[in-house]
Amino acid sequence: MIISSGKLKLYQSAEQMQGKNFRMKTMEALHAGSSTRPEQPHRHDYYTIVWAQAATGRHLIDFREYALSPDSIFFIGPGQVHQVVTTSTPRGLVINFTREFLDANHIGHDFIENLRVFRECDHNPPLFPAKESLQRLQQLASGMWQDYRQPRGLTEQALGAWLKLFLIECHSVCNLRQTAGQPGDSSEQLFRRFRKLVDINFYRWHKVFVYAEKLAVSPGHLNKVVKYYLGSSAKVSIQRRLLLEAKRMLMF
């Protein structure tokens, strides 16, 4: 099903994925199916992983543009606006999965939230795995593809296991800073709780002290943690989320 809001389309899993909660397609097949109508900016109500194994062009995610480079992996969460523009026939994989698929396979929301691959709402740079990790990801993707193309007993559970291992491997090579002197787990959890609060409440809470109060920390400490992970203050993060939504509404 496609719901149009101005020029922006929302692709829903119910019809887009033929009633399933998991789907794998090659970039070649998707390109062939849309060669007469270039992809337009749109959003999904499900998660998407785009692995451009060999592609040229650009990938726009929430008004930021990234190059499609060999073996670049993109992660797009539900509600994010994106558009893939290729300049030649691409080769790669596109993996779609819903929240229901995660629930059915006991992959909790906290697991996804704690991954280092689904980024700040307006900043989704691609992942570039090193050779060793790339080989492991290729093995995992190959197993996932085989089980998807040749269903057998407990296929959905097998796909859930493959997907979780794939995401864990991506998480381990994610290029968020991992340096000596990095804040501990409690700081990382605080940062992720802040991001979640902002995404839910940005339209009504605009002050840092309000978020700090809800998180039971001081505004100064919250700013310090957010600045470490994003390179900017908590206030800037709130403003970026507001600006992103304003851009979406104005554009679409």
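Quantities reported herein were computed from a predicted structural model and do not represent experimental measurements.
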Next on the checklist: Is it true that, when you exclude E132 itself, more than 12 heavy atoms of the residues, nucleotides or ligands shown sit nearer than 6.0 Å to its CD?
Outcome noted: no

Item to check | Atom CD of Q146: over 12 foreign heavy atoms under 6.0 Å | outcome: no

Next on the checklist: Under 3.5 Å, is there a donor on one side chain and an acceptor on the other for N96 and T48?
Outcome noted: yes

Checklist entry - Looking only at atom types and distance, does a side-chain atom of D62 sit under 3.5 Å from a main-chain N or O of V81, one as donor and one as acceptor? => result yes

Checklist entry - What's the shortest heavy-atom distance between C170 and L137, and which atoms? => result SG-CD2, 3.8 Å

Checklist entry - Is it true that I73 and I168 fall in one hydrophobic cluster, defined by side-chain heavy atoms closer than 4.5 Å? => result yes

Item to check | Nearest-0.5 Å distance that lies between atom CH2 in W51 and atom CG in L127 | outcome: 10.0 Å

Checklist entry - What distance do I107 atom CD1 and L167 atom CG have between them, rounded to the nearest 0.5 Å? => result 7.0 Å

Checklist entry - Can you tell me how far the OG1 atom of T98 sits from the NZ atom of K20, to the nearest 0.5 Å? => result 13.0 Å

Checklist entry - Side-chain contact, heavy-atom cut-off 4.5 Å: R192 with R195? => result yes

Checklist entry - Cut-off 3.5 Å, side chains only: do D71 and Q53 have a donor facing an acceptor? => result no

Next on the checklist: Could you go through R136 and E169, starting from their C-alpha distance and side-chain angles, then the distance that decides it, and tell me whether this counts as salt bridge (Lys or Arg N to Asp or Glu O under 4.0 Å)?
Outcome noted: CA-CA 8 Å; R136 285 196 290 267; E169 183 63 30; 3.0 Å; yes

Item to check | H42 and H44 aromatic ring geometry - parallel, tilted or perpendicular at 30°/60° bounds | outcome: tilted

Next on the checklist: Using modelled atom types and a 3.5 Å cut-off, is there a donor and acceptor pairing between side-chain atoms of N223 and backbone atoms of A234?
Outcome noted: yes

Next on the checklist: Are Y47 and F97, when compared by the centres of their aromatic rings, separated by less than 6.0 Å?
Outcome noted: yes

Checklist entry - For H206, which residues count as a side chain to side chain contact (heavy atoms under 4.5 Å, CB included) partner, sequence neighbours excluded? => result L242

Next on the checklist: Could you check whether any side-chain heavy atom of T155 comes within less than 4.5 Å of a side-chain heavy atom of L159, counting everything from C-beta outward?
Outcome noted: yes

Next on the checklist: If you compare all heavy atoms of R43 against all heavy atoms of Q80, which two are closest, and at what distance to 0.1 Å?
Outcome noted: CB-O, 3.2 Å

Checklist entry - Just by distance, do the side chain of E28 and the backbone of T89 share a donor-acceptor pair under 3.5 Å? => result no

Item to check | Shortest non-hydrogen contact between P90 and A55, atoms and distance | outcome: CB-CB, 3.8 Å

Next on the checklist: Nearest 0.5 Å, please: how far is CE in M144 from CG in L165?
Outcome noted: 8.5 Å

Item to check | Single-linkage hydrophobic cluster, 4.5 Å side-chain cutoff, I200 and L215 together | outcome: no

Item to check | Residues which pass side chain to side chain contact (heavy atoms under 4.5 Å, CB included) with Q139, listed by chain and number, not counting sequence neighbours | outcome: none

Checklist outcome for this item: Rounded to the nearest 0.5 Å, the OH atom of Y148 sits from the CE atom of M24 at a distance of 8.5 Å

Next on the checklist: Measuring centre to centre across the rings, with the benzene-like ring taken for any Trp, is H59 within less than 6.0 Å of F74?
Outcome noted: yes

Item to check | More than 12 heavy atoms of other groups within 6.0 Å of F209 CZ | outcome: no

Checklist outcome for this item: Residues S237 and F194: closest non-hydrogen pair is OG-CE2, 3.8 Å

Item to check | Joint cluster assignment, V236 & F191, ILVMFWY side-chain distance < 4.5 Å | outcome: no

Next on the checklist: Check whether N201 reaches the backbone of L197 with its side chain - one donor and one acceptor, N or O, closer than 3.5 Å.
Outcome noted: yes

Checklist entry - F111, W162: one ILVMFWY side-chain cluster at the under-4.5 Å cut-off? => result yes

Checklist entry - Going from CG on L60 to CD on E65, what distance comes out if it is rounded to the nearest 0.5 angstrom? => result 5.0 Å

Item to check | Considering all heavy atoms, the nearest T56-S88 contact | outcome: OG1-OG, 3.0 Å

Item to check | Minimal non-hydrogen separation, F128 against S72, with atom names | outcome: CE2-CB, 3.4 Å

Next on the checklist: Would you say NZ of K164 has more than 12 non-hydrogen atoms from neighbouring residues, nucleotides or ligands within 6.0 angstrom?
Outcome noted: yes

Checklist entry - Do V94 and I49 come within less than 4.5 Å of each other through their side chains, counting heavy atoms only? => result no

Next on the checklist: With a 6.0 Å cut-off (strictly less than), is the heavy-atom count around CZ of R152, excluding the residue itself, greater than 12?
Outcome noted: no

Checklist entry - Are W205 and F202 connected, step by step, through hydrophobic side chains (Ile, Leu, Val, Met, Phe, Trp, Tyr) whose heavy atoms are closer than 4.5 Å? => result yes

Checklist entry - Tell me, do E156 and F22 make a side-chain contact under 4.5 Å, heavy atoms counted? => result no

